[in-house]
Amino acid sequence: MPFRPYVISNKLGSRTAMRFEKTFPTASQAVAYAKKKNKGWMGLNYNKEWVKKANFEYGAVEVKAGKFAFPKGDKGNKELLRWHNKQQKKKNTINFFDY
């Protein structure tokens, strides 16, 4: 299944998600594309200080049967952000029974 890249911005205490329209065969290719495109966009439109404060996070979400994993528009981006936050919590949770 293909993967759609996304970027999370953490500027000024609020978090915002944005998806890219292209999809890629692997999550790593999708993330690499997002980093490259976002770097170009930010370099053209913002200064380095703003970009540093944004503290971007990158990821990829699996696209099933050619459909969007989350609805188009800002509602879907908010759902994506909630999903991303849950994934980060899972990564940061320590299961003491694993040791």
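Residues V61 and F70 meet the side-chain proximity criterion, which asks for heavy atoms closer than 4.5 Å. Counting only heavy atoms from C-beta outward, the side chains of N77 and L81 never approach each other to under 4.5 Å. The shortest distance between side-chain heavy atoms of R82 and H84 does not fall below 4.5 Å. Using a 4.5 Å heavy-atom cutoff, the side chains of E49 and K52 are not in contact. Under the 4.5 Å side-chain criterion, counting only non-hydrogen atoms from C-beta, T26 is in contact with Q29.
Counting Ile, Leu, Val, Met, Phe, Trp and Tyr side chains that sit under 4.5 Å apart, directly or through other members, M1 stands alone, with no cluster partners. Under a 4.5 Å side-chain heavy-atom criterion applied to ILVMFWY residues, the cluster that includes V7 comprises M18, F20, F24, V31, Y33, W41, M42, Y46, W50, V51, F56, Y58 as well.
Looking only at distances, a side-chain donor or acceptor of N10 sits under 3.5 Å from a matching main-chain atom of N55. Not one N or O on the side chain of R4 forms a donor-acceptor pair closer than 3.5 Å with the backbone of E62.
Look at E57 and R15 and you find a salt bridge, because one of the NZ, NE, NH1 or NH2 atoms lies within 4.0 Å of a carboxylate O, short of that distance.
Of all heavy-atom pairs spanning P5 and A34, the tightest one is CB-CB, 3.7 Å.
Atom CG in L80 sits 12.5 Å away from atom CG in D74 (nearest 0.5 Å).
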